[in-house]
Amino acid sequence: MSARYLYAKDTNLKQTITSIIINALESAKAAGELTLPAMPAVTVETPKEAGHGDFATTVALGMAKAERKAPKAIAEIIVKHIANPDGAVEKVEIAGPGFINFFLKPAAWLGVIKDIDEAASHYGHSHVGAGRLVQVEFVSANPTGPLHIGHGRGAAVGDSLCRLLAFTGFDVRREFYINDFGSQVQNLGASIYMRCRQLAGDDGAQVVVPVVADTADDEAGEAKSNLYLGEYITDIAREFMDDPDFLALAEEDKKTYCREEGIKRMLALIADTLARFGVSFDNWYSERSLYDPANDLVKAAMDDLRAKGLVYEDGGALWLRTTEFGDDKDRVMVRANGQTTYFASDIAYHRDKYRRGFSEVIDIWGADHHGYIPRMKAAISALGNDPETFKVLLVQLVNLMREGQPVKMSKRSGDFVTLDEVMEEVGADACRFTFLLRRADSHLDFDLDLVKRQTSENPVYYVQYAHARLCSVFRQAGEKGVALPALSDVNLARLDLPEELNLIKLLSGFPELVEGAALSDEPHRLTYYLQELAGELHAYYFKHRIVTDDLELTYARMYLVKAVRTVIGNALRLLGVSAPEVM
RNA sequence: GCGCCCGUAGCUCAGGCGGAUAGAGCAACAGCCUUCUAAGCUGUGGGCCGCAGGUUCGAGUCCUGCCGGGCGCACCA
């Protein structure tokens, strides 16, 4: 199929309409009524206005110049040549400057219910990803403290994106990059060690020399503030001090133990929080492993780049010519003091990602790191990879609020609200749904009181309630002895209310929505879709009874709401939010 | 100063590839439970899509400039 036939793969119906139009164009060309030097891209959309039909196309508008005819005249020619092989189309209208609107027979929509019933939990699944191996790296928090709410948003976005990608046929690998190499983990060890000394009765925190003290303006007094002072540090220290094996160590070994064991504790804590949040990873990748003397990937990466003539020395430091790939200035990989930069690690890490065979690499970063993108892209290019295969998704920071007032947070002092605490207070479902209520790169106010509230102000319960409600209908029907017959024995044509048709149309758009959300990395589209679907369902439920004495109608409606329940369930699953059967 | 992102209803935000009369939730106001779950439903009001140009059959959407806000500009991570 050539590129000119590219169109959104959607329900069979949209595809049917598209083929009908293409056939009409070819038929018109054969009849000599259109010149068609090149087959135009045929796009079919669903009009916002119901009066404009079920589907509409603007091909005629775009062809005006090439055909040297008025759009309306072109539209008339196309319509004249429209064949209607399977009889789905009821009528075709030309409107406005040359829109062609298609009105379908209501019966044409009923097949959607059958599709959903058959596909069930797979409805919306597709193969656009074509098995391409894609890696998503997200959260990647420093193992120096508990996760906070910003990490939570990154986790929610990343996890949902992974679910979407897997559902659309990509082969997805989730990875967490552990920053266990640089000065931050040194500080972690020093922080724990300092608390140990204090617990031992040694009042002088000055026994610990902070590690990051090599910058010019970093006075001794200042440097002390690099230590982590949170309560969790003291907790770990207390555990160590209760351990006779620890106490038996020499002082230097205690320091090492504090660092190494501290990292392990923090990682375990982070993994635990993420598990409770419903997020898991295929791989936890250690930054330190990049420097393994037996297999020094950082050195290998720099050798690679040096061989390409992209590395030079200046002022005692080793630089990468990122400016050759669009960066503002060249960047340092090895400092004059011999220490590698974070950038050097990142280069080696991303080089390794490509060497592991990923055809697409997605990083999810906090938006405050956006200035880092050009140099990373440059590094990807410098290593000989197509920069188009490397995407960075920026997640804006979260403003934590309580009753409309911002909650003050400072990581170093330990005065911050952890993701665990937030989950405890509002629940993981509400938390995740709220994180995905906006575009990832949009600022998000997270008001604890609002997210906790189980009212109409809180969309997560609105959506979950729709699901629970439908489950209840089936329970009630079961209690009344109403047994749902096979779909082939049900007269779906009884679904003739406008509300019922609207619901079906909305359901039929789900696969396209999923595909769009996956391909554009926008999981938030799911929450919007869910709110709309739940809204239609609630209105329908309120207005019409599902289980009545009219059994034929009852069966038809039960299959309809069963389909709704399926789609709500599938969408919630893609968000990592539960679909409760009872509320 | 340079770069990136943002500016849509009172508030918070959606607006697939440029399409027809720009949407939702909340807030405000007025209503609806004898009936499958009221965590629900119905109705009303509310707009210079920041401003000014440009591109074209058509711009909230694309381009340029300006104004306003956020963030980033290390031999830190």
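A note on names: the letters A, B, ... follow the listed sequences, proteins ahead of strands, and every chain is numbered from 1.
Annotation: G50(B) and U12(B) have their P atoms spaced 15 Å apart (nearest Å). Look at the C1' atom in both G31(B) and A38(B): the space between them is 14 Å, to the nearest Å. As rounded to the nearest Å, G65(B) and C26(B) have P atoms that lie 41 Å from one another. Only the C1' atoms considered, C75(B) is 45 Å distant from G16(B), to the nearest whole Å. Only the C1' atoms considered, G7(B) is 16 Å distant from A52(B), to the nearest whole Å. Nucleotides A9(B) and A14(B) are separated by 13 Å at their C1' atoms, to the nearest Å. Comparing the C1' positions of C17(B) and C62(B) gives a spacing of 12 Å, expressed to the nearest Å.
His538(A) contributes a side-chain N or O that, together with a main-chain N or O of Tyr462(A), makes up a donor-acceptor pair within less than 3.5 Å. Thr168(A) places no side-chain N or O within 3.5 Å of a backbone atom of Ser126(A) that could act as its donor or acceptor partner. Under a 3.5 Å cut-off, the side chain of His370(A) and the backbone N or O of Ala367(A) do form a donor-acceptor pair.
The CG atom of Leu397(A) sits 14 Å away from the C1' atom of C6(B) (whole-angstrom rounding). A straight line from CZ of Phe433(A) to P of C13(B) spans 16 Å, rounded to a whole angstrom. If you measure from atom CD of Gln339(A) to atom P of C76(B), you get 8 Å, rounded to the nearest angstrom. The interatomic distance linking Arg438(A) (CZ) with C6(B) (P) rounds to 16 Å, in whole Å. Atom OH of Tyr349(A) is separated from atom P of A77(B) by 17 Å (rounded to the nearest Å). In this structure, the CG atom of Leu470(A) is 14 Å from the C1' atom of A39(B), given to the nearest Å. Atom pair Phe343(A):CZ and A74(B):C1' shows a separation of 13 Å (rounding to whole Å applied). Atom P of nucleotide A14(B) and atom CG of Leu533(A) are separated by 21 Å, given to the nearest angstrom.
Residue Val334(A) is classed as having no contact, given no heavy-atom separation below 4.0 Å to the nucleic acid. Across all strands shown, Arg439(A) has heavy atoms under 4.0 Å from sugar-phosphate atoms exclusively, and none from any base. Using a 4.0 Å heavy-atom criterion, one finds that Ala468(A) contacts the bases of the nucleic acid, with or without backbone contacts as well. Residue Gly98(A) is classed as having no contact, given no heavy-atom separation below 4.0 Å to the nucleic acid. Contact annotation for Asp314(A): base contact, defined as any heavy-atom pair under 4.0 Å involving a base atom.
Comparing U42(B), C17(B), C75(B) against the side chain of Val332(A) picks out C75(B) as the nearest.
Under the salt bridge (Lys or Arg N to Asp or Glu O under 4.0 Å) criterion, Glu499(A) pairs with Lys543(A), not counting sequence neighbours. Applying the side chain to side chain donor-acceptor pair (under 3.5 Å) test to Lys391(A) and every residue at least two apart in sequence or in another chain returns Asp521(A). Residues that satisfy the side chain to side chain donor-acceptor pair (under 3.5 Å) test with Arg439(A), not counting sequence neighbours, are Asp441(A), Glu522(A). In this structure, Tyr177(A) has no side chain to side chain donor-acceptor pair (under 3.5 Å) partners at least two apart in sequence or on a different chain.
For His350(A) and Phe390(A), the distance between ring centers is under 6.0 angstrom.
Between the CD1 atom in Ile546(A) and the CZ atom in Phe474(A) there is a gap of 7.5 Å [rounded to 0.5 Å]. Rounded to the nearest 0.5 angstrom, Thr434(A) OG1 and Asp447(A) CG are separated by 10.0 Å.
Annotation for Glu552(A): atom CD counts as buried by contact number, over 12 foreign heavy atoms lying within 6.0 Å.
Of all the residues in residues 316-328 of chain A, Ala317(A), Trp319(A) reach under 4.0 Å from RNA chain B with at least one non-hydrogen atom. Within residues 441-448 of chain A, the residues that have a heavy atom under 4.0 Å from RNA chain B are, in order of number, Ser442(A), His443(A).
What you find for Val451(A) and Tyr461(A) is that their closest heavy atoms are O-CE1, 4.2 Å. Of all heavy-atom pairs between Tyr291(A) and Thr341(A), the closest is OH-O, 4.2 Å. Closest of all the heavy-atom pairs between Ala336(A) and Gly315(A) is CB-O, 3.7 Å. Between Pro143(A) and Leu188(A) the shortest heavy-atom distance is O-CD2, 3.3 Å.
In RNA chain B, consecutive stretches of 3 or more Watson-Crick or G-U wobble pairs with both distances under 3.5 Å are given as paired ranges: B:1-7 with B:67-73, B:10-13 with B:23-26, B:28-32 with B:40-44, B:50-54 with B:62-66.
Judged by the 6.0 Å and 45° rule, Arg153(A) forms no cation-pi pair with Phe446(A).
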* How does protein contact run along nucleotides 18-28 of chain B, one letter per nucleotide 5' to 3', with B for base contact, S for sugar-phosphate only, - for none, heavy atoms under 4.0 Å? -> -BBB----SS-
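Legend: salt bridge (Lys or Arg N to Asp or Glu O under 4.0 Å) pairs involving residues 39-58 of chain A, not counting sequence neighbours, sorted by first then second residue: Asp54(A)-Lys505(A). Applying the side-chain hydrogen bond (donor to acceptor under 3.5 Å, both in side chains) definition to pairs two or more places apart or across chains, those involving residues 64-76 of chain A are Thr35(A)-Glu67(A).
Base orientation at G16(B) is syn, since its O4'-C1' glycosidic dihedral falls within 90° of 0. In this structure C33(B) sits in the syn conformation; its chi angle is within 90° of 0.
Where Lys329(A) and Lys65(A) each meet RNA chain B at their nearest nucleotide, the meeting point lying more 5' is that of Lys65(A).
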Measure all distances between protein nitrogen or oxygen atoms and nitrogen or oxygen atoms of nucleotides 29-36 of chain B, and list the pairs falling under 3.5 Å.
residue	atom	partner	partner atom	Å
U35(B)	O2'	Arg545(A)	NH1	2.5
C36(B)	O4'	Arg545(A)	NH2	3.2
C36(B)	O2	Val547(A)	N	3.2
C36(B)	N3	Ile546(A)	N	2.9
C36(B)	N4	Tyr541(A)	O	2.9
C36(B)	N4	His544(A)	O	2.6

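In the interface, the side chain of His369(A) is not paired with the base of G72(B) through any donor and acceptor atom under 3.5 Å apart. Between the side chain of His538(A) and the base of C41(B), no donor-acceptor pair under 3.5 Å is found.
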Side-chain donor-acceptor contacts of residues 555-563 of chain A below 3.5 Å, not counting sequence neighbours, with atom names and distances?
residue	atom	partner	partner atom	Å
Arg557(A)	NE	Glu500(A)	OE2	2.9
Arg557(A)	NE	Tyr540(A)	OH	3.3
Arg557(A)	NH1	Arg545(A)	O	2.6
Tyr559(A)	OH	Pro485(A)	O	2.7
Tyr559(A)	OH	Leu487(A)	N	3.2
Lys562(A)	NZ	Asp117(A)	OD1	2.9

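Taking side-chain N and O atoms only, Tyr462(A) has a distance below 4.0 Å to OP1 or OP2 of C41(B).
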